[in-house]
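Quick notes on the structure that follows.
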Amino acid sequence: MPAAEFVQKWLSARDWVRVRADLTGKTTFIAWQGAVYSFVPQERRRHLFNIVGMSAARCLPHPEGGWYFLSRELTFYLDPEKQSLCDRWRNPWTEDVVPMIPVANDPVQGLFRREVPAQVSERTTTFQFDLFPYYDNPLAGEERFQAYSPQPIYQAAELFKLTVATADLQQDTETIADVHLCWSRIGPWLPWMKMGDRAGYLIYSATGCKALTVEDLPSLLQDQLERLPQYREAPTEYREGADMTSWLYFQEHFEAYLEGALFPVT
């Protein structure tokens, strides 16, 4: 096979676990950095935020085959000019100053039982997941959230690519350390932005890599983990119920948001 020629193959869930986590059930991390832009019809894009984030994940064998994926994740929004973490944001469309709510999703989980598609070349293997969530907006039915997120449907696109060296994948190791992430997201305004039914959406563009220890994470995340120690480890068991999202988190902590609390709340 020529070095630049890719062939789609179906690889085992076990291989996917080695890429994303560790066969022994240890916590591993994926960290990412990037930017968030506005995309409004007939308007130039605005570079609204930079982002720094992480996922702490582990995979555990399912008793009937396959693997549980158990994780919790953080993403912080930074001032794109000062590169500084902020807790307040001036909305450039409305001039409102609102509290900023980082992503604090706990849990994010799933079950991998089937083979996973990948694009394989002589040099690299890339696992690609294109997700298009479409479901009822949990905030839409309540009057108190009309100024924040009134749309009846939550709709987004999440485009993930995880790339490893094909040679590393061919070695029968418990984990693969050298993993590179490319992540793009198109989604609605975040509830805390207080954009109501204003037209437009957000575009996220980020890259990242795997980290085997907290000490390998970006310094901003290490600092935040001093205040949020539960995110230093992945969950240890599957929890029934929906994954946490920024929309459910906003609903759960709306009173703290109105009081101007420091997020994520502890």
Side-chain angles (χ1 to χ4, degrees), residues 32-53 55 73-105 108 126 128-162 180-208 220 243-254 257-258 260 263-264:
W32 52 84
Q33 300 183 62
V36 181
Y37 306 97
S38 67
F39 195 98
V40 177
Q42 303 302 304
E43 181 179 303
R44 291 185 183 275
R45 70 103 169 115
R46 297 177 190 252
H47 183 179
L48 298 176
F49 317 109
N50 285 345
I51 52 173
V52 178
S55 166
E73 59 189 26
L74 294 167
T75 297
F76 295 92
Y77 298 98
L78 282 64
D79 183 300
E81 295 182 0
K82 300 178 181 178
Q83 294 294 315
S84 58
L85 191 61
C86 305
D87 60 5
R88 295 292 183 275
W89 178 65
R90 181 179 293 279
N91 185 321
W93 291 277
T94 68
E95 297 301 321
D96 287 340
V97 177
V98 296
M100 301 177 73
I101 302 184
V103 174
N105 291 341
V108 178
T126 297
Q128 180 173 331
F129 295 89
D130 295 339
L131 309 177
F132 297 87
Y134 182 92
Y135 53 80
D136 291 342
N137 177 5
L139 306 182
E142 296 189 50
E143 181 63 31
R144 60 179 177 156
F145 296 129
Q146 291 305 295
Y148 303 93
S149 182
Q151 296 79 11
I153 296 295
Y154 173 88
Q155 183 176 14
E158 301 259 5
L159 311 176
F160 297 91
K161 297 176 181 67
L162 286 171
H180 298 272
L181 167 73
C182 179
W183 170 53
S184 301
R185 178 180 184 274
I186 303 171
W189 307 117
L190 295 159
W192 59 261
M193 297 172 71
K194 201 177 181 182
M195 292 290 278
D197 59 0
R198 185 178 294 269
Y201 46 93
L202 299 173
I203 296 178
Y204 293 63
S205 178
T207 57
L220 183 148
D243 287 359
M244 181 56 70
T245 69
S246 293
W247 273 250
L248 291 174
Y249 191 89
F250 186 79
Q251 182 182 54
E252 182 176 333
H253 298 288
F254 185 56
Y257 167 86
L258 294 178
F263 284 94

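This is a predicted model, so every value here is computed, not measured.
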Measure the shortest side-chain to side-chain distance between [X] and [Y] over non-hydrogen atoms and say whether it is less than 4.5 angstrom.
X	Y	result
Arg88	Pro99	yes
Phe132	Leu159	yes
Val108	Ser55	no

Next item on the list: Check step by step if side chain to side chain contact (heavy atoms under 4.5 Å, CB included) holds for Leu202 and Leu190.
Entry: CA-CA 8 Å; Leu202 299 173; Leu190 295 159; 3.9 Å; yes

Notebook entry, point to check: Are the aromatic rings of Tyr77 and Trp192 close, with centres under 6.0 Å apart?
Noted result: yes

Notebook entry, point to check: Below 6.0 angstrom between ring centroids: does that apply to Trp89 and Phe49?
Noted result: yes

Next item on the list: Name the orientation class of the two ring planes belonging to Trp183 and Tyr204 (parallel below 30°, tilted from 30 to 60°, perpendicular beyond 60°).
Entry: tilted

Nearest heavy-atom neighbours spanning [X] and [Y]:
X	Y	answer
Leu74	Pro264	CD2-CG, 4.2 Å
Ala156	Gly187	CB-CA, 4.0 Å
Pro92	Arg46	CB-NH1, 3.4 Å
Tyr249	Ala104	CD1-O, 3.6 Å
Ser38	Trp93	CB-CH2, 3.6 Å

Notebook entry, point to check: Between the main-chain N or O of Lys194 and the side-chain N or O of Asp96, is there a donor-acceptor pair closer than 3.5 Å?
Noted result: no

Next item on the list: Look at the side chain of Asn91 and the backbone N and O of Met193, then say whether any donor-acceptor pair between them is shorter than 3.5 Å.
Entry: yes

To the nearest 0.5 Å, how far apart are [atom1] in [X] and [atom2] in [Y]?
X	Y	atom1	atom2	result
Ile203	Arg45	CD1	CZ	10.0 Å
Asp79	Leu48	CG	CG	11.0 Å
Ile153	Asp136	CD1	CG	4.5 Å
Asn137	Gln151	CG	CD	6.5 Å
Asp197	Trp189	CG	CH2	12.0 Å
Ile51	Arg185	CD1	CZ	9.5 Å

Next item on the list: Go through the structure and list residues passing salt bridge (Lys or Arg N to Asp or Glu O under 4.0 Å) with Glu252, not counting sequence neighbours.
Entry: none

Next item on the list: Taking atom CZ of Phe129 as the centre, report whether more than 12 heavy atoms of other residues, nucleotides or ligands fall under 6.0 Å from it.
Entry: yes

Next item on the list: Take atom CD of Glu81 as the centre, draw a 6.0 Å sphere, and report whether it contains more than 12 heavy atoms from other residues, nucleotides or ligands.
Entry: no

Next item on the list: Might you work through the side chain to side chain contact (heavy atoms under 4.5 Å, CB included) test for Thr245 and Tyr154, ending with a clear yes or no?
Entry: CA-CA 11 Å; Thr245 69; Tyr154 173 88; over 6 Å; no

Table please: side-chain donor-acceptor pairs of residues 138-148 below 3.5 Å, with sequence neighbours left out.
from	atom 1	to	atom 2	distance (Å)
Glu142	OE1	Arg144	NE	2.8
Glu142	OE1	Arg144	NH2	3.2
Glu142	OE2	Gln251	NE2	3.2
Gln146	NE2	Ala140	O	3.0
Gln146	NE2	Glu142	O	3.3

Item checked: side-chain contact (heavy atoms from CB on, under 4.5 Å) partners for Arg44, two or more places apart -> none

Item checked: Leu78 and Val52: CA distance, side-chain angles, deciding distance, side chain to side chain contact (heavy atoms under 4.5 Å, CB included) verdict -> CA-CA 8 Å; Leu78 282 64; Val52 178; 4.3 Å; yes

